[in-house]
Amino acid sequence: MREYDHKKIEKKWQEIWEKKGIYHAKDLSSKPKYYSLIEFPYPSGDGLHVGHPRPYIGMDVISRTRRLQGFNVLYPIGWDAFGLPTENYAIKTGLDPRVVTKKNSDTFRRQIKSLGISFDWSREINTTDPKYYKWTQWIFLQFLKKGLAYKAKMTINWCPKDKIGLANEEVVNGCCERCGTVVEQREKEQWMLAITKYADRLYKDLDEVDYLPQIKLGQRNWIWRSEGAEIQFKIIHPSPTLPQEKGEIPGYHTTDPKNFRLLQEKAVEMRENPTEAERKLWQELKGNKNNFHFRQQHIINKFIVDFVCLSKNLIIEIDGDMHDLQKEKDAERSDIFKILGFEVIRFRNEEVLENIDSVVKRIIKKLDSLNEAKVLPLGEDLGGVFDSTHPLTPSQREGEFDGNITVFTTRPDTIFGATYLVLSPEHSLVEKITTSEQMSYVINYVTKSKNKNKQERVNLEKEKTGVFTGAYAINPSNKEKIPVWIADYVLSTYGTRAIMGVPAHDERDFEFAKKYKLPIKQVITGADLLEGESKDFYEGGGVLSNSGKFDGMDSEKAKKEIIKFIGGKEKVTFKLRDWVFSRQRYWGEPIPVIHCEKCGMVPVPEKDLPVELPKVKNYQPTDSGESPLVNITKWVNVKCPICGGKAKRETDTMPNWAGSSWYYLRYADPKNKKEFAGKKNLKYWLTPPPSPLQRKGKSKVLPFGEDIGGVDWYNGGNEHTTLHLLYSRFWHKFLYDLKLVPTNEPYMKRTSHGMILGEGGVKMSKSLGNVINPDDIVKTYGADTLRIYEMFMGPFDQSVVWSTESIIGARRFIEKVWRIGNKVNLPPTPFPRKGGRITKVLPLGEDLGEVKKLLHKTIKKVSEDIEAMRFNTAVSTLMILANEMDRSEVSLADYKKFLQLLAPFAPHITEELWSLITSPQLSPKGREKLKSPPLGEVGGGSIHLSTWPKWDANLIKDEEVKIAVQLNGKVRAEILAQADATEEDIKKKAFLNESVAKYIAGKEIRKVIYIKNRLMNIVV
RNA sequence: GCCGAAGUGGCGUAAUUGGUAAACGCGCUGCGUUCAGGACGCAGUGAGGGCAACCUCGUAAGGGUUCAACUCCCUUCUUCGGCACCA
């Protein structure tokens, strides 16, 4: 009796497979191709835990099955190795991230290889390999060429702990996705990728692909496409009014004309009667004494400040008894100065009187540290304050002020019910339209809103707030005069940052209108409202009323008509924003751009790629938020590729989404030195081959660049279904437009797997100490057992809690398979089992029928289950068959088919048994002596290169079936009958049945329901 | 708040899509084999009642549709995901 020694068997076959390269995909083979893909792992320092391999095993089952079905399968792997954990580790230890990455991926590789996954290791890639990121940089240059990569000053989400800028999508509830620190806003020059240019296609083409519904939903939610209209509202009280007589007011004034006139007199008076301290300081500051020009008692907004240097926007204030009134409003005053871009230094009277030298020194020092400020021309002194922090792309800006405010709405049909307008506090026209009476309230409100963090602002529990601007607009539908408000419930990142308030038909507007007592006007009567039902606000469609000539029209139809009537513009708006593509970090792909003093920004010539990441001593990001690369002067200082003059390299690097946005393309041609991947290979691997298993029956070979297709099946984690997928779809479509890839979409089919959780149903993590290392499991139970268990433990797409206790079941199953092998392998004579029992021996041929039947049912069920990723029930079906084979006599041919069904799940033991039973000319002993036993069947090959068994439909049919007999829906008996027996036959049999007879005795039979081959229900 | 998925033995879960609820596995109980052990074998294992054949109840709770409901509909509760003022 041969013992099952998993260690020996698994090691042996892994070596043989590798040596023979049986899992290598063949480029341009005449066989139909199949491309199955998993998300390539990030090789972390913790090594693999048992959760990692679940998707690899799942797709391995798919890939192995496809090979047996005759496909040339590409199932590749690589390392997504740029990223923060490695960089943080480098910062902590001072080790080169390259060394750390190598070490980590070596561990991952060893661990993954020990599981017998059929990856094509000859195509292994690594995003941190210059040979790889050369092409990441190359693709970036194509974006740059087409104007889709650009630099913009942006308010970015800044994580003070990780010291990097975060993309919007990396901010979760106002906190950094990875470390949980509250995110700050900072203004920075950033590289951007114009993903918004592809928003519509990214949205619409989802119809073409086979993704799980929730994945499509995630994509759609992120892009958020709204069809609506842009409508202009005329403002009838634009402010400030320009002064009537030019020249009356000096050009350096810093308030609107109305305030200027009011305050001018007072300022003159104050200038004439300074305090002692003011007089003393003015002696030091006046007349460009320190190369800076100061003004005294100057009007700014609605305040008079003591001294101001307008070229540096610095205000000097001396606190004395003079300004009691203003002192009370200090907070408001400072806020307003801040928003206007002024810095304020305050001194006490005594300081000036007693130590004037130190006061002057401090002022000069401050002045030196400040940048030159632009003296604003008349009438524009308050404008544009918010523009620099504008998060929208230029095309989405509100435009120059021409007396109109543009709003975006999806409900133009409700415009007759618009009773006010609301601007977001960030709207660039806020100051232009605000009347001077309201100016200080508005600035106050805007300042407060800006100081709220995103979370506070989005907090829905809180009451909406707002402030009236003093201005009015004309509703273009009915020419009514409606007030214009500012409120931070209007988002600064969507639409035109201005909305029309329709309280009767929008819940948010309703809330706001109620609070500020704004009129509520019903213009739609709901068609789906029940008779007599009324709601304070109604958001559905219906019939228009109070809408002039549109009264009685259906709201859907009215939308277009009204847009025409009021001169609006149909418009599709997206939530999706352009992608912030720079990181001020070391461990990423350098952005291949050079800044020349003369020529400006110059792309690195393609022949100079890759721009290799230089080695540095210190990986710490700088506090100023610049990349550690800025300090590597040798690397930074280069000659301009155009003029040869002095130039500097870009020091920003790419985010870690970059390398993973196109890696699946590289697998098609991983060693190509001339292109990111050759067109022939891409076409072979990405477009559907003419094969029977093809989807949608599209078998025609289409010319390059016109194909549907992509990776056949891509499985990955739920956490990546939105962003990674969106980004790589964007890159792919861009490359498609350049005719560099043959298909419009990168992935034809996308599924996701559930996580394996540690004890207590929580994520496995080092800090919780609940990590299970697959090495230990493989050592004790074997890779096959681990694989079977991971497939068996629960539905593949659901999270499951790991239980080492339960693995034993999978191991027992594997051993049972082994035991049956021993039985089958020998001539049909009584064979002593371990434990002394004797296998039931049947005359050859007899009873084999039952096993055969079950086998064919199993072939069908397992084949179907694998396609639907129901691996758990596939395994349980195999267990049922094994139990039956263990009990009965089994023919060699049937056992072989069973092994083939099991092979995708347990590749080692099946290969071993396959090799043992299929070379009968060699005794087991003889085989063992061979260093490298012959692969597979006599004259054949490995079980993994054999042919997937087919089921015989005739054998699946049962000749005799059990039929349940119910009385009034309760099962009272079970009868055996010929399959396909008529209802009459069954009825006769049922009525003869003892217990049935008992129940129907003396009762009237009202109805008999018969479900063929299943049950009969007798109603009495 | 909105949307989605789910809730079944002590545990992981299954159920031909409206047709015998609990397959398969873990655990547990008994017996067997063994000097012993269990990663062995056999049998049992939803709850309650009965010596038994059998009977009653049972898929989060309640109600409904149906000859028949884990499955469909309504209400409520719980859990987990996603979105979260996107006009």
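Letters go in sequence order (proteins before strands), and every chain restarts at 1.
Both distances falling under 3.5 Å, in either a Watson-Crick or a G-U wobble arrangement, occur for no nucleotide opposite B/U34. Searching all strands for a Watson-Crick or G-U wobble partner of B/C85 with both distances below 3.5 Å returns nothing. In this structure, B/C51 forms no base pair with any nucleotide, since neither Watson-Crick nor G-U wobble geometry is met with both distances under 3.5 Å. Pair assignment for B/G4: B/C80, on the basis of Watson-Crick or G-U wobble contacts that are both within less than 3.5 Å. Pairing of B/G27, defined by two Watson-Crick or G-U wobble distances under 3.5 Å, is identified with B/U45. Both distances falling under 3.5 Å, in either a Watson-Crick or a G-U wobble arrangement, place B/C67 opposite B/G19. Across all strands shown, B/U13 forms no Watson-Crick or G-U wobble pair with both distances under 3.5 Å.
Within the 4.0 angstrom heavy-atom criterion, no nucleotide atom of any strand lies near A/Gln798. The residue A/Arg972 sits close only to the backbone: its heavy atoms come under 4.0 Å of sugar-phosphate atoms, none of a base. Residue-level contact check: A/Ile880 touches the backbone only, with heavy atoms under 4.0 Å from sugar-phosphate atoms and none from bases. No contact: A/Glu507 has no heavy atom under 4.0 Å from any strand. Using a 4.0 Å heavy-atom criterion, one finds that A/Thr409 contacts the sugar-phosphate atoms exclusively. Counting any heavy atom pair closer than 4.0 Å across all strands shown, A/Asn883 reaches sugar-phosphate atoms only and no base atom. Looking at heavy-atom distances under 4.0 Å, A/Pro213 makes no contact with the nucleic acid at all. Residue contacts shown for A/Val800 are limited to sugar-phosphate atoms, with no base heavy atom under 4.0 Å away. Nucleic acid contact class of A/Ser876 (heavy atoms, under 4.0 Å, all strands): base.
When the P atom is used for both B/G38 and B/C26, the distance is 16 Å, rounded to whole Å. Across the P atoms, B/U76 and B/C70 are found 23 Å apart, a figure rounded to whole Å. Using atom C1' as the reference point in both B/U33 and B/G19, the two lie 44 Å apart (nearest Å). Annotation: B/A87 and B/C77 have their C1' atoms spaced 34 Å apart (nearest Å). With P as the reference atom, B/C80 and B/C31 are 44 Å apart, rounded to whole Å.
You'll find the side chain of A/Ile772 reaches within 4.5 Å of the side chain of A/Ile777, heavy atoms only.
Results of the ring pair (Phe, Tyr, Trp, His ring centres under 6.0 Å) test with A/Trp485 over A/Tyr445, A/Phe512, A/Tyr420 single out A/Phe512 as the only residue that passes.
A salt bridge does not link A/Asp506 to A/Arg411: none of the charged nitrogens lies less than 4.0 Å from a carboxylate oxygen.
For B/G41, neither phosphate oxygen OP1 nor OP2 lies less than 4.0 angstrom from any side-chain nitrogen or oxygen of A/Arg812. Of the side-chain N and O atoms in A/Lys575, one or more sit less than 4.0 angstrom from OP1 or OP2 of B/A84. Between B/C54 and A/Tyr999, no contact under 4.0 Å exists linking OP1 or OP2 to a side-chain N or O. A close approach under 4.0 Å does occur between a side-chain nitrogen or oxygen of A/Lys970 and OP1 or OP2 of B/C57. At the phosphate of B/A87, neither OP1 nor OP2 sits under 4.0 Å from any side-chain N or O atom of A/Arg497. Phosphate proximity of B/A87 to A/Tyr494: present, with a side-chain N or O under 4.0 Å from OP1 or OP2. Checking the phosphate oxygens (OP1, OP2) of B/G81, no side-chain nitrogen or oxygen of A/Asn718 falls inside 4.0 Å.
Separation of atoms CH2 (A/Trp222) and CG (A/Leu726) is listed at 9.0 Å; rounding is to 0.5 Å.
Under a cut-off of 6.0 angstrom, the local environment of NZ in A/Lys857 is crowded, with over 12 non-hydrogen atoms contributed by other residues, nucleotides or ligands.
Between A/Leu423 and A/Ala498, the closest heavy-atom pair is CD2-CB, 3.5 Å.
With A/Tyr203 as the aromatic partner, A/Arg220 meets the cation-pi criteria of under 6.0 angstrom to the ring centre and within 45 degrees of the ring axis.
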